[in-house]
Amino acid sequence: QLQLVESGGGLVQPGGSLRLSCAASGFPLDDYAIGWFRQAPGAEREGVSRINSGGRTMYADSVKGRFTISRNNAKNTVYLQMNSLKPEDTAVYYCNAQHPVYGSRNYWGQGTQVTVSS
């Protein structure tokens with residue numbers, strides 16, 4: 001079975017940090033482009049960060065300098081380190097894996113809630 005599982009969300013105060021994990025089962029994550037997305041209540045889903053199979057990374061302007069995406073191939077896991085969190089970062093965070101050639105190979109995790117509040 002092919003599955004992505006996010007973890008690491010929770011409640012944190014403004015200025016705090018969280019590290020989200022996206023663990024893949026059943027396929028090699030390093031063959032895919034991995035994106036982190038988030039969706040706040042009443043808002044559109046937005047892309048947050050992405051790392052491709054070659055290790056190139058991208059970040060939304062709203063999180064540049066605060067978030068870092070990385071990959072541990074041995075653990076088949078992608079991480080999103082989130083520092084200096086702001087209330088506007090509050091959302092459900094999802095990871096997505098898409099094969100760069102076989103686009104039908106596209107998987108989503110169940111999401112993990114991040115709440116930034118004092």
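- The backbone N or O of Phe37 sits nowhere less than 3.5 Å from a side-chain atom of Glu46 that would complete a donor-acceptor pair.
- Remark: Arg38 is not positioned above the aromatic ring of Tyr93, lacking an NZ or CZ atom under 6.0 angstrom from the ring centre and at most 45 degrees off the axis.
- Asn76 places a side-chain N or O within 3.5 Å of a backbone atom of Leu29 that can act as its donor or acceptor partner.
- Side chain of Ser84 to backbone of Gly15: no donor-acceptor contact under 3.5 angstrom is found.
- The neighbour count for Arg71 CZ, taken as heavy atoms of other residues, nucleotides or ligands under 6.0 Å away, is above 12.
- No donor-acceptor distance shorter than 3.5 angstrom exists from the side chain of Thr68 to the backbone of Gln81, with no hydrogens or angles considered.
- Residue Ala91 comes nearest to Gln113 through the heavy atom pair O-NE2, 3.4 Å, listed as atom of the first residue, atom of the second, then distance.
- Arg105 places no side-chain N or O within 3.5 Å of a backbone atom of Val101 that could act as its donor or acceptor partner.
- A donor-acceptor pair under 3.5 Å links the side-chain atoms of Asn52 to the main chain of Gly55, judged by distance alone.
- Considering all non-hydrogen atoms of both residues, Leu20 and Val114 come closest at CD2-CG2, 4.0 Å.
- The pair Asp89-Lys86 fails the salt-bridge criterion, with no side-chain N (NZ, NE, NH1 or NH2) lying under 4.0 Å from an Asp/Glu carboxylate O.
- Distance check, rounded to the nearest 0.5 Å: OG1 of Thr112 to CG of Leu80 gives 11.0 Å.
- Here Arg66 contributes atom CZ and Asn83 contributes atom CG; the two are 9.0 Å apart, rounded to the nearest 0.5 Å.
- Ile69 pairs with exactly one of Ile51, Val63, Val48 by the side-chain contact (heavy atoms from CB on, under 4.5 Å) rule, that one being Ile51.
- For the pair Gln13 and Val116, the minimum side-chain heavy-atom distance is 4.5 Å or more.
- A donor-acceptor pair under 3.5 Å links the side-chain atoms of Thr77 to the main chain of Lys75, judged by distance alone.
- Considering Tyr32, Trp108, Phe27 as possible partners of Leu4, the one that fulfils the side-chain contact (heavy atoms from CB on, under 4.5 Å) test is Phe27.
- Atom OG of Ser25 sits about 9.0 Å away from atom CG of Leu2, to the nearest 0.5 Å.
- Distance check, rounded to the nearest 0.5 Å: CD1 of Ile34 to OG of Ser70 gives 12.0 Å.
- With ring centers used as reference points, Tyr59 lies 6.0 Å or more from Phe67.
- Nearest heavy-atom pair across Ser117 and Pro14 is C-CD, 3.6 Å.
- Distance alone, capped at 3.5 Å, places no donor-acceptor pair between the Asn96 side chain and the Trp36 backbone.
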Q.
Test side-chain hydrogen bond (donor to acceptor under 3.5 Å, both in side chains) on Ser53 and Asp30; report intermediate values, then the result.
A. CA-CA 5 Å; Ser53 60; Asp30 62 344; over 6 Å; no
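- Residues Arg45 and Gln39 come closest through the heavy atom pair N-NE2, 3.8 Å.
- Within the 3.5 Å criterion, the main-chain N or O of Gly111 finds a donor-acceptor partner in the side chain of Glu6.
- Nearest approach of Met82 to Leu85, heavy atoms of both residues: CB-CD2, 3.8 Å.
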